[in-house]
Structure formats: structure tokens, C-alpha cells
Engineer: 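Can you read through this structure? Questions will come right after.
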Amino acid sequence: MFRSDLLAGKRILITGGGTGLGKSIGLRYVALGAQLVICGRRKDVLEATAQEFKDSLGATIETYVCDVRDAQAVEAMMDSIWQKGPLDVLLNNAAGNFLARTERLSTRAFDAIVDIVLKGSAYCTMDVGRRWIASGHKGTVLQILTQSAMTGMPFTVPSAMAKAGALAMIRSLAVEWGPYGIRTVGVVPGPFPTEGAWSRLMPKERIGEAPIEQGVALRRMGEHQELADLCTYLISDSAGFITGEAVIIDGGRWLQGAAGASAYNMQQWPDSTWDSLKPKKSSA
Ligand code: HXC
Ligand code: NAP
């Protein structure tokens, strides 16, 4: 689908790029010629991922242990990154989430999520934006969102609130930073199985529920490659006129939800049920 050198010369930071979707997107970026930088809190995870990139693609990537909740640590990481050259793309992917009843959440639990997802994304974005504007460098921020940013979501309220804030951030900055040639875009993934998300959001207590696929119009989960392709397009120069937009890639999940359970039920009706609803032809 893409030229093999599509991202050649682009220097890209993926926060939380050591695991899950961030790692899959990073693999795609490197395969298309990008110079990749990843960060996360766990050194061993980052090092194992860097080794995987070396083994599978023969590529050396940069890794930084950095907690994006710590603004000073973010600034120090960006200083080190910039010593080797400016970033062209920031991908805000790092996130935290878990299932909980909101009235039982401690303030520390609320902060843990909001600090990673909202503040962490903001600290990274503000830092790179400051550097890009000061040097006249054009760049792109790609924010990973969730459906809950648009619709809200029970039992993951801090995440929904934080992602909604991140959506507001990319829409606001699209206008504020547009004149500098900085684009701010987002993606809204539906269900893409990862260890990090599934271990926290799909506990064994949920076994026996209707399968997730039933709530997706296309009746399947997403494949990492599909998300990586969209994330490639959005940061490429081909998408140079897109800004402030969050692209939904969810197999029609949120629209299936909006249609309600009865839509799914009606899709199971046999022909005879539909036939019985037709007006009877009068014999006269
Ligand atoms: C209630 C919880 C909790 C839970 C933690 N806490 N887990 N409260 N229910 N399940 C509380 C703790 O008791 C503590 O509060 C506070 O949160 C901080 O907990 P720590 O363990 O000290 O936090 P920390 O080590 O910073 O870890 C952050 C974390 C953790 C978010 C809690 O899960 C994490 O590191 N997650 C990163 C990866 C991740 O979540 N990936 C999934 C992204 S999926 P007290 O008051 O007791 O001190 C995603 C998908 C979206 O976003 C949509 C999918 C369809
Ligand atoms: P994941 O593997 O758990 O990814 C989260 C990453 O963020 C981890 O690598 C984690 O590494 C890093 N991280 C967490 N807190 C951090 C912090 N404070 N500082 C720096 N890094 C931190 O889960 P995933 O499913 O791939 O999620 C990736 C993104 O996709 C998230 O934004 C998520 O909201 C979004 N998303 C996922 C789905 C899905 O179905 N999987 C759906 C919609 C949206 P460390 O723990 O080592 O720090």
C-alpha cells in the first residue's frame, strides 16, 4: 500500500511504544524507513522491544525510560532526543486504564489515569510544540484516542474524561499551531486485542458476556496492521492537509452501539419474520 521509503528521514517518538499497539505501529514506521524513538516506564520492556526491532528489521531504535506524568522527565528526554536531531512526529500512545465503579475510585486512582493520558499527552505535546515553533520546524502530533472520548464510557470514567480532553487538545491546537505548519490529528481505535488492554479491561468475570464482535458492525476485532496503516497515512506528507481530525477505525462499533441491541437482534431474524411484516396482498 505504501512506498517502502514513505517515512524515510522522519524522526518519530511513540510514547508507550514498547508494547501493544504502539509497538505494532512502530514496526510499521521503521519498515517504511522512519527513525524510531520509544519511551515507557519499564527499561526491560523497552530493551526487549529494541532487540526485536534489531532481530526482525535489522533496525536500531532509541529508547528512553520516561514517565510521561513527570514534566521534568519529559523535558529531559526531549533534550536528549533533540541532541541527535529534531522530532518530526510525536505519537501520544501511552495510556493507563482499568475497570472500576467511579464512586469507589480513590483520588490517587483517578489521578493515575488522568495524569498519564491527559497530562502526559499534554506535557509531550507542549514540549515538542515549543521546540518546533522556536525553530520553525513543521511537525505532526498523532493522538491515540478511544470511543469514550466521544461517547463517554461507564466504569472507565477517568480514561473517558482524559481522552476527551486529549481530543479537545488536538482540535484546539490544530487552529492555534496550524499557522506554524504543525498538524494535530487523532485516531479512535475500536477493539484491537493487546495484553495491556485485555488484562485490565476483559477480566475473567466478563467471560460469558456477549462476544465483543457482536457489538461491531463488521463482526470482528481490528488487526494491528490496519491501525498501523492508518497511523502511517496520517503522519505522512500525503495527509498534509488533514488537521484537527480524529479518524475512527472501529469496524462500525460505535454506530452499532448507537443503533441499540434491537439492531443486532433484528439482524438474526429469519426471512419468515421479515416476510410476516409485509402487508398481505388482498385477493380481491
Ligand atoms: C481501582 C485501582 C485499580 C483498579 C489501580 N488502582 N488499579 N483502583 N481499581 N483496578 C489504584 C491504586 O489502588 C492506587 O490508588 C492508584 O490507582 C495508583 O495505583 P498504582 O498501581 O500505584 O499506579 P501505577 O503504578 O502508576 O499504575 C498505573 C495503572 C496501571 C494505570 C494503575 O494499570 C498501569 O500501569 N497501566 C498502564 C498500561 C495500561 O493500563 N494499559 C491499558 C491501556 S488500554 P490508592 O488510593 O490505593 O493509592 C486503553 C484501552 C481503551 O486505554 C479502550 C479499549 C477498548
Ligand atoms: P498497552 O500495551 O498497555 O500500552 C500502554 C503503553 O503505555 C505501555 O507500553 C506502557 O508502558 C506505556 N505507559 C503507561 N503509562 C506510562 C507512563 N506514565 N509513561 C510512559 N509510558 C507509559 O495497551 P494498548 O492496548 O497497546 O494501548 C495503546 C493505546 O491504544 C492507548 O492509548 C490506548 O488507550 C489505546 N487504545 C487501545 C485500544 C485497544 O483495543 N487495545 C482501543 C482503543 C484505544 P510502561 O508500563 O512500561 O510505562
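In each ligand, atom 1 is the first atom listed, and ligand 1 is the first ligand listed.
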Engineer: Indicate, as side chain, backbone, both or neither, the part of Pro191 found under 4.0 angstrom from ligand 2 when only non-hydrogen atoms are considered.
Structural biologist: backbone
Engineer: Below 4.0 angstrom, counting only protein heavy atoms, does anything approach atom 49 (C) of ligand 1?
Structural biologist: yes
Engineer: Could you check atom 15 (O) of ligand 1 against the protein and tell me its nearest heavy-atom contact, residue, atom and distance included?
Structural biologist: Ser106 OG, 3.4 Å
Engineer: Look only at the side chain of Arg11 and the backbone of Gly85, and say whether a donor-acceptor pair between them is shorter than 3.5 Å.
Structural biologist: yes
Engineer: Assess Ala95 for proximity to ligand 1: is some non-hydrogen atom of it under 4.0 Å away?
Structural biologist: yes
Engineer: Mark yes or no for whether Thr156, through its side chain, and Ser159, through its backbone, hold a donor-acceptor pair below 3.5 Å.
Structural biologist: no
Engineer: Is there a nitrogen or oxygen of Arg69 sitting under 3.5 Å from a nitrogen or oxygen of ligand 1?
Structural biologist: yes
Engineer: Which of the atoms in ligand 2, numbered in the order shown and given with their element, are less than 4.0 Å from a heavy-atom of Gly20?
Structural biologist: 2 (O), 26 (O)
Engineer: Going by the closest heavy atom to atom 32 (C) of ligand 1, which one wins out of Phe192, Phe155, Phe98?
Structural biologist: Phe98
Engineer: Just to confirm, does any protein heavy atom lie below 4.0 Å from atom 9 (N) of ligand 1?
Structural biologist: yes
Engineer: Residue-level breakdown please: for Ala109 versus ligand 1, do any non-hydrogen atoms fall below 4.0 Å on the side chain, on the backbone, on both, or on neither?
Structural biologist: both
Engineer: Indicate, as side chain, backbone, both or neither, the part of Leu201 found under 4.0 angstrom from ligand 1 when only non-hydrogen atoms are considered.
Structural biologist: side chain
Engineer: Could you list which atoms of ligand 1 come closer than 4.0 Å to a heavy atom of Thr146?
Structural biologist: 51 (C), 53 (C)
Engineer: Considering all protein heavy atoms, does one lie under 4.0 Å from atom 34 (C) of ligand 1?
Structural biologist: yes
Engineer: Give the contacting part of Asn97 toward ligand 1: side chain, backbone, both or neither, where contact means a heavy-atom distance below 4.0 Å.
Structural biologist: both
Engineer: Where the closest heavy atom to atom 47 (O) of ligand 2 is concerned, which of Arg200, Lys43, Gln143, Arg42 has it?
Structural biologist: Arg42
Engineer: Any Lys/Arg nitrogen of Glu213 or Arg253 sitting under 4.0 Å from an Asp/Glu carboxylate oxygen of the other?
Structural biologist: no
Engineer: For the side chain of Trp132 and the backbone of Leu87, is there at least one donor-acceptor N/O pair under 3.5 Å apart?
Structural biologist: yes
Engineer: For atom 21 (O) of ligand 1, is the nearest protein heavy atom under 4.0 Å away?
Structural biologist: no
Engineer: Return yes or no for this condition: an N or O of Arg41 is under 3.5 Å from an N or O of ligand 1.
Structural biologist: yes
Engineer: Taking heavy atoms and a distance under 4.0 Å, where does Arg200 meet ligand 1: side chain, backbone, both or neither?
Structural biologist: side chain
Engineer: Which ligand 2 atoms, with their elements, are less than 4.0 angstrom from a heavy-atom of Gly40?
Structural biologist: 20 (C), 21 (N), 48 (O)
Engineer: Should one rank Met153, Arg253, Arg101 by closest heavy-atom distance to atom 55 (C) of ligand 1, which comes out on top?
Structural biologist: Arg253
Engineer: Any donor-acceptor pair under 3.5 Å linking the side-chain atoms of Thr151 with those of Gln147?
Structural biologist: yes
Engineer: Please compare Cys39, Gly22, Cys66 and report which has the shortest non-hydrogen distance to atom 20 (C) of ligand 2.
Structural biologist: Cys66
Engineer: Could you tell me whether Arg108 and Asp111 have a side-chain N and a carboxylate O separated by less than 4.0 Å?
Structural biologist: no
Engineer: Any salt bridge linking Lys10 with Asp237? Criterion: basic side-chain nitrogen under 4.0 Å from a carboxylate oxygen.
Structural biologist: yes
Engineer: Under 4.0 angstrom from atom 41 (N) of ligand 1, is there any protein heavy atom?
Structural biologist: yes
Engineer: Regarding ligand 1, does Arg108 bring an N or O atom to under 3.5 Å of one of the ligand's N or O atoms?
Structural biologist: yes
Engineer: Is the shortest side-chain N to carboxylate O distance from Asp67 to Arg69 below 4.0 Å?
Structural biologist: yes
Engineer: Counting only heavy atoms on the protein side, is anything nearer than 4.0 Å to atom 13 (O) of ligand 1?
Structural biologist: no
Engineer: Run down the list Ala94, Gly196, Ala149, Pro189 and name the one with the heavy atom closest to atom 21 (N) of ligand 2.
Structural biologist: Ala94
Engineer: Which one holds for Thr194 and ligand 1: side chain close, backbone close, both close, or neither close, with close meaning a heavy atom under 4.0 Å?
Structural biologist: neither
Engineer: Please determine whether residues Val247 and Ile242 belong to a single hydrophobic cluster, defined as Ile, Leu, Val, Met, Phe, Trp and Tyr linked transitively by side-chain heavy-atom distances below 4.5 Å.
Structural biologist: yes
Engineer: Please work out, at 4.0 Å between heavy atoms, whether the side chain, the backbone, both, or neither of Asn97 comes within that distance of ligand 2.
Structural biologist: neither
Engineer: Should one rank Pro189, Ser148, Ala197, Ala162 by closest heavy-atom distance to atom 44 (S) of ligand 1, which comes out on top?
Structural biologist: Ala197
Engineer: Tell me whether atom 27 (O) of ligand 2 lies less than 4.0 Å from at least one protein heavy-atom position.
Structural biologist: no
